[in-house]
Asks: 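The structure is given below, and queries will be raised subsequently.
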Number of protein chains: 2
Amino acid sequence: MKENKTIGEILRENRAKKGLLLRHVSAKLDIDTAILSKIERSERKATKEQILKLAEIFDLDKDDLLVLYLSEKILYEIKDEELGQKALKVAEQKMKYISKNKSGN
Amino acid sequence: MKENKTIGEILRENRAKKGLLLRHVSAKLDIDTAILSKIERSERKATKEQILKLAEIFDLDKDDLLVLYLSEKILYEIKDEELGQKALKVAEQKMKYISKNKSGN
DNA sequence: ATATATTTGACGTTAATTGTCAAGTGTAAT
DNA sequence: ATTACACTTGACAATTAACGTCAAATATAT
């Protein structure tokens with residue numbers, strides 16, 4: 001039973017839970033409501049900074065939200081690629097290799 | 001015993017193996033030698049089209065090279081992120097979920 | 001020293017991202 | 001049915017990043 005909501009869906013749910021309007025939240029982000037609307041409907045991507053602010057606004061765990069955000073960014077890169085799955089696995093391998101060989105490890 | 005060459009290193013090795021100069025290969029790609037030089041030293045990313053041409057030029061398996069290319073693109077997205085590993089895993093989960101729910105599956 | 005191959009960095013151009021704005025749609029209450 | 005409000009949509013502008021050229025600098029070999 002895996003959850004599989006988009007970050008946009010999560011943002012919208014949390015905004016509703018707090019009883020906030022697009023207007024309120026977008027003001028805090030200092031952007032037009034139009035953009036926030038699009039972010040919530042996955043029509044646009046948020047910036048990292050916006051994600052961090054949103055985590056604050058909704059009292060969500062920043063790391064959790066960031067992980068979700070980054071995973072969507074990754075998927076965006078390979079969404080139209082046949083070889084996406086394989087590329088992901090190779091990326092993981094490389095990542096492990098890199099962190100193994102980090103100084104101070 | 002994992003190989004861990006960059007795509008740039010692979011390209012340079014293969015160019016050497018064929019005894020070709022930057023000039024020769026870059027001409028086929030229709031770009032300046034400067035760019036190819038940078039690609040080989042991982043200072044620039046190639047485009048997908050360039051990767052496909054390079055696979056042809058060096059008689060390499062296109063899928064293999066593309067997977068490598070995509071994996072580097074993915075890593076590029078998260079290279080400075082603490083949460084990169086986690087994001088990759090989540091991306092893989094999502095990816096599986098997506099392909100499960102594809103039509104004609 | 002010349003010649004050739006590669007590298008470097010300053011600089012355009014193009015394309016993608018991020019945003020605004022104004023008009024449009026949906027919904028609920030008067 | 002018109003007013004009011006929340007949200008959505010699409011055309012457009014501004015900013016940033018990607019992609020390229022070019023000419024000068026550096027290396028390497030003859």
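Basis for what follows: all heavy atoms, side chains included, without hydrogens, waters or symmetry-related copies. Order of the sequence lines sets the chain letters (A, B, ...), proteins ahead of strands, with each chain counted from 1.
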Asks: May I ask you to decide whether R41(A) forms a salt bridge with E9(A), counting only side-chain N to carboxylate O separations under 4.0 Å?
Replies: no
Asks: Rounded to the Å, how far apart are L36(A) CG and dT9(D) C1'?
Replies: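 About 15 Å, once rounded to whole Å.
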Asks: Does Y76(A) make a side-chain N or O approach to OP1 or OP2 of dA16(C) shorter than 4.0 Å?
Replies: no
Asks: Is any side-chain heavy atom of L65(B) closer than 4.5 Å to one of F58(B)?
Replies: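 A side-chain contact is absent here, since even the closest heavy-atom pair is not under 4.5 Å.
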Asks: Among residues 8-17 of chain B, which contact DNA chain D at a heavy-atom distance under 4.0 Å?
Replies: none
Asks: Please report the distance, rounded to the nearest Å, between NE2 in H24(B) and P in dT4(C).
Replies: 12 Å
Asks: May I ask you to say whether E81(B) pairs ionically with K48(A), meaning some side-chain N is under 4.0 Å from a carboxylate O?
Replies: yes
Asks: Between dC5(D), dC21(C), dA5(C), which nucleotide has the shortest distance from any of its atoms to the side chain of R23(A)?
Replies: dC5(D)
Asks: Would you mind reading off the distance between D32(A) atom CG and dC7(D) atom P, rounded to a whole angstrom?
Replies: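 Roughly 13 Å, once rounded to whole Å.
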Asks: Which string of ( ) [ ] | and . matches DNA chain D, if you list each base 5' to 3' and count Watson-Crick or G-U pairs only when both distances are under 3.5 Å?
Replies: ||||||||||||||||||||||||||||||
Asks: If you measure from CD on E77(A) to CG on L88(A), what distance do you get to the nearest 0.5 Å?
Replies: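 Rounded to the nearest 0.5 Å, the CD-CG separation comes out at 11.0 Å.
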Asks: How many angstroms lie between CD in E72(B) and OG in S42(B), if you round to the nearest 0.5 Å?
Replies: 6.0 Å
Asks: Which listed nucleotide (dG19(C), dT8(D), dC21(C)) is nearest to the side chain of I31(A)?
Replies: dG19(C)
Asks: Closer than 3.5 angstrom, by distance alone: can the side chain of Y69(B) be matched with the main-chain N or O of D64(B) as a donor-acceptor pair?
Replies: no
Asks: Side chains of I39(A) and I7(A): does their closest heavy-atom pair fall under 4.5 Å?
Replies: no
Asks: Flag this pair as yes if the NZ/CZ of K73(B) is under 6.0 angstrom from the six-membered ring centre of Y76(B) and inside a 45 degree cone about the axis; otherwise no.
Replies: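 No.
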Asks: If you apply the rule salt bridge (charged side-chain N to carboxylate O under 4.0 Å, His left out), what do you find for D59(A) with K18(A), and how did you get there?
Replies: CA-CA 10 Å; D59(A) 300 307; K18(A) 294 251 174 188; 2.4 Å; yes
Asks: Roughly how many Å is it from CG in D30(A) to P in dT15(D), rounded to a whole number?
Replies: 14 Å
Asks: Base, sugar-phosphate, or nothing for L21(B), non-hydrogen atoms under 4.0 angstrom?
Replies: sugar-phosphate
Asks: Does any residue of residues 37-56 of chain B have a heavy atom under 4.0 Å from DNA chain D, and if so, which ones, in number order?
Replies: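 Hits under 4.0 Å, by residue number: R44(B), T47(B), Q50(B).
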Asks: Please give, in whole Å, the distance from dG9(C) P to I35(B) CD1?
Replies: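 It works out to 16 Å between those atoms.
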Asks: Which heavy atom of S37(A) sits nearest a heavy atom of L22(A), and at what distance?
Replies: CB-CD1, 3.9 Å
Asks: Any ion pair linking K28(A) and E56(A) (charged N to carboxylate O, less than 4.0 Å)?
Replies: no
Asks: How many whole angstroms separate atom CD of E77(A) from atom C1' of dA18(D)?
Replies: 12 Å
